[in-house]
Protein chains: 2
Amino acid sequence: MTITQLKYVLAVAEHQNFTKAAEKTFVTQPTLSMQIQKLEDQLDVLIFDRTKKPIALTEIGKKIVQQAKNIVNEADRIQDIVDQQKGFIGGEFKLGIIPTVMPTLLPMFLRNFTNKFPKVLLKIEELNTDDLIQKLDEGHLDAGIAATPLLQENIKERVLYYEPFVAYVPGQHRLANNQTIAIGDLDIDDILLLEDGHCFRDGVINLCKSAKTSLDDRFQIESGSFETLIKLSEEGMGMTLLPYLHTLDLGERQKANLHHFNDPAPAREVSLIYPKSELKIQIIDAMFDVISGVVRGAIAYQDVQIISPLPNKK
Amino acid sequence: MTITQLKYVLAVAEHQNFTKAAEKTFVTQPTLSMQIQKLEDQLDVLIFDRTKKPIALTEIGKKIVQQAKNIVNEADRIQDIVDQQKGFIGGEFKLGIIPTVMPTLLPMFLRNFTNKFPKVLLKIEELNTDDLIQKLDEGHLDAGIAATPLLQENIKERVLYYEPFVAYVPGQHRLANNQTIAIGDLDIDDILLLEDGHCFRDGVINLCKSAKTSLDDRFQIESGSFETLIKLSEEGMGMTLLPYLHTLDLGERQKANLHHFNDPAPAREVSLIYPKSELKIQIIDAMFDVISGVVRGAIAYQDVQIISPLPNKK
DNA sequence: ACAAACAATAGTTAAAACTTATGGAAGCTT
DNA sequence: AAGCTTCCATAAGTTTTAACTATTGTTTGT
């Protein structure tokens, strides 16, 4: 049994297809067939049920895949241990970022980071929180940036910053004349929300719940971008809430419509999250330091009230 | 990097000698040299410091060995998972037994076990408790039989039986006329002990401590076998304590010198112990069942007071 | 029934893992 | 200090195996 064989098994298990798995592992399809057969012979079990379409794992195959993941992960850590000992910061690093953080945070630290650690090959992906957690668990990502706390068993969180919610209230809105705004002023039915799947949406819903109203499921306009929400808001469809960093990019005219909350301002906690296994921890450390340094200049809020990003289950 | 290479590294790390490690891994010494060099090249670190005599691990080498142990153990478990799925009970099984249990317990279950599970290749070793725990941790043993509780982080215990202490009091001794005996009657300075390293010795010392006296370190006769202790006892050197199963082998004349304790009789807890990793758990289960079945007929004590086998640290 | 998709098989090649034989350094011995 | 032993590295040759290309065999869908 070799580590390579186990990697092949994992690839086939993941793609449920020998040909695709072969591409991903950079070998030809017959190589996969043979090596996996050899492993099956040696263990004297069938790992895959080849009669099913698409190909499926047998009962014991599932257990073997689980264990193979352990082994391959542990094996990968050896290079990591060596890198760490040498203080080497490099290699591939896969980072997932939630959509509502991506466009504002990434430009702030990306150049800085790649300059400082040129040997790290960053692969960045935009993912919502659920997918992010899943990919971290599966080892497809090395780290992620998301709103926290997530209360996940196998994931560690290191807080990068607290980003206050800012209300965008167009001129004709009932709250337009308030200098500042209180959580109690909010009415969920009056607020434009991002479409389902964004944790910022869930954060806003939680915020309003904590105020007074209970969300009932009547018609609401939802969109995937804050730009759209702002436009809709100006059309008189209601107010909306933006994360603080997004407000920095607005034009002067739009900034006039911003209303900050009274202290303690509601805020989301944005963290660097990564598996407890701490694979590539030295790169994670480096990234944390860079982002913290960059953000410290941009966000100076002290007195905030953290709003949970988790959807409220019923 | 291959699992084989990691096994080679572990072998050399263990034996601190390429030649011996080569024998143990059933390859020639140059194979080891080359494969380990290859791994070192690939990782671009030195795992071994070859200038030291005997050969030593480098700092990073220690970390690599630690991780390699994980990987190899996890890899071994795959075969185990398959065996378990198939309900196959077989393969090599290394069992360590403490000296004071070995001669009485082993004959009781060995034949029974090998008959029932002919495909298990039992390798039994006599070891004192400390060595046993260490070898379990290092993966050199699959399970052990020892006096418990041991309070070890990585070791599970399953109680096989409670074995009462029985006093052996020769005719001329001050306690010879007592029908039964109480813990309070014991005087540590008057009791013949096994030599240092036996946990039964520590058990007896703990027992006497719990009675009244504190052990002071003046001259005592100590021996490695109960037979010697009995002989010495009959020579008038004092009394001694025996584990119950040992008393079954005595002649009629010697049995007359046995004095059982009042209830609750002091007893040692004898358990099957094994690493938390539960490698080969199906064989462990089988062995537990066999031994429990055999012992149930021989030991029927209910009301016992468990004496710790751990040496009392000062 | 035919094409497409996909895995298995056959045959071949290059790499690797292992062997035996040998060399060289370090530590003991007398 | 010369000689012996121990022990690891190196060299050269052999065997094994992991990979490739090309092809065949099955199943699925049209």
Side-chain angles (χ1 to χ4, degrees), chain A residues 1-58 60-62 64-65 68 71-72 75-76 78-79, chain B residues 1-58 60-62 64-65 68 71-72 75-76 78-79:
Chain A
M1 188 179 77
T2 67
I3 294 173
T4 309
Q5 285 172 343
L6 297 179
K7 286 183 179 170
Y8 292 164
V9 169
L10 292 185
V12 173
E14 184 183 347
H15 298 101
Q16 303 194 315
N17 177 311
F18 275 69
T19 314
K20 271 185 203 161
E23 283 170 26
K24 294 286 177 180
T25 50
F26 307 107
V27 290
T28 56
Q29 170 264 313
T31 299
L32 279 193
S33 285
M34 290 183 62
Q35 287 306 314
I36 289 179
Q37 276 179 50
K38 224 172 85 178
L39 181 62
E40 287 180 325
D41 279 358
Q42 209 171 321
L43 297 176
D44 196 29
V45 284
L46 283 179
I47 297 172
F48 295 102
D49 180 350
R50 293 163 174 79
T51 65
K52 296 251 177 63
K53 299 275 169 177
I55 213 163
L57 284 165
T58 60
I60 181 135
K62 287 178 194 165
I64 290 175
V65 163
I71 296 170
V72 170
D76 283 344
I78 284 209
Q79 183 62 57
Chain B
M1 189 178 75
T2 67
I3 294 173
T4 309
Q5 286 173 343
L6 296 179
K7 284 183 178 169
Y8 292 165
V9 169
L10 291 185
V12 173
E14 183 184 347
H15 298 100
Q16 304 195 314
N17 178 311
F18 274 69
T19 314
K20 270 186 205 163
E23 282 171 27
K24 294 284 177 182
T25 49
F26 306 106
V27 290
T28 56
Q29 169 262 312
T31 298
L32 279 193
S33 285
M34 288 179 61
Q35 288 305 315
I36 290 180
Q37 276 178 51
K38 223 171 88 179
L39 182 61
E40 287 179 325
D41 280 359
Q42 208 171 321
L43 297 177
D44 196 28
V45 285
L46 282 179
I47 297 173
F48 295 103
D49 180 351
R50 293 161 173 82
T51 65
K52 295 253 176 62
K53 298 274 172 178
I55 213 165
L57 285 165
T58 60
I60 183 141
K62 287 177 194 166
I64 290 175
V65 163
I71 297 170
V72 170
D76 283 345
I78 285 209
Q79 183 62 57

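Quantities reported herein were computed from a predicted structural model and do not represent experimental measurements. In what follows, chains carry the letters A, B, and so on, assigned in the order in which the sequence lines appear, proteins first and then strands, with residues in each chain numbered from 1.
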Nearest-Å distance for atom pair CG/P, residues A/N17 and D/dT28: 14 Å
Residue whose closest nucleotide on DNA chain C lies nearer the 5' end, A/F18 versus B/Q29: A/F18
Stepwise side-chain contact (heavy atoms from CB on, under 4.5 Å) test for B/T58 and B/F48: CA-CA 5 Å; B/T58 60; B/F48 295 103; 5.8 Å; no
A/Q29 and A/S33: side chain donor to acceptor below 3.5 Å: yes
Between P of D/dC7 and CZ of B/F48, the distance in whole Å: 16 Å
Sugar-phosphate, base or nothing in reach of B/Y8, heavy atoms under 4.0 Å: sugar-phosphate
Shortest non-hydrogen contact between A/Y8 and A/L32, atoms and distance: CG-CD2, 3.1 Å
Flag side-chain contact, heavy atom, 4.5 Å: B/T2 against A/I3: no
Test item: A/T25 and A/K7 side chains (from C-beta on) under 4.5 Å apart, heavy atoms: no
Any B/V65 side-chain heavy atom under 4.5 Å of B/L10 side chain: yes
C/dC18 phosphate, OP1 or OP2, under 4.0 Å from B/T28 side-chain N/O: no
Check against side-chain contact (heavy atoms from CB on, under 4.5 Å), B/L43 and B/I64: CA-CA 10 Å; B/L43 297 177; B/I64 290 175; 4.1 Å; yes
Residue of the set A/L6, A/V9, A/T4 for which side-chain contact (heavy atoms from CB on, under 4.5 Å) holds with A/V72: A/L6
Degree of bending in the helix from C/dA1-D/dT30 to C/dT30-D/dA1 once both end axes are built from five pairs, to 10°: 30°
Gap between atoms CD and P, on B/Q5 and C/dA16 respectively (whole Å): 11 Å
B/Q42 to A/Q79 - nearest heavy-atom pair and separation: O-OE1, 4.4 Å
For DNA chain C, the residues among residues 30-38 of chain B that have a non-hydrogen atom under 4.0 Å from it: B/P30, B/T31, B/M34, B/Q35, B/K38
Toward the 5' end of DNA chain D, by each residue's nearest nucleotide, A/K52 or A/T4: A/T4
Atom-to-atom span, CG of A/D41 to C1' of D/dT17 - whole angstrom: 15 Å
Spacing between B/L39 atom CG and C/dC18 atom C1', to the nearest angstrom: 17 Å
d(CD1, B/I55; P, D/dT6) in whole Å: 17 Å
Value in whole Å for how far the C1' atom of C/dA5 lies from CD of A/Q16: 16 Å
B/T19 side chain near D/dC8 phosphate (N/O to OP1/OP2, under 4.0 Å): yes
Gap between atoms CD1 and C1', on B/I3 and D/dT17 respectively (whole Å): 16 Å
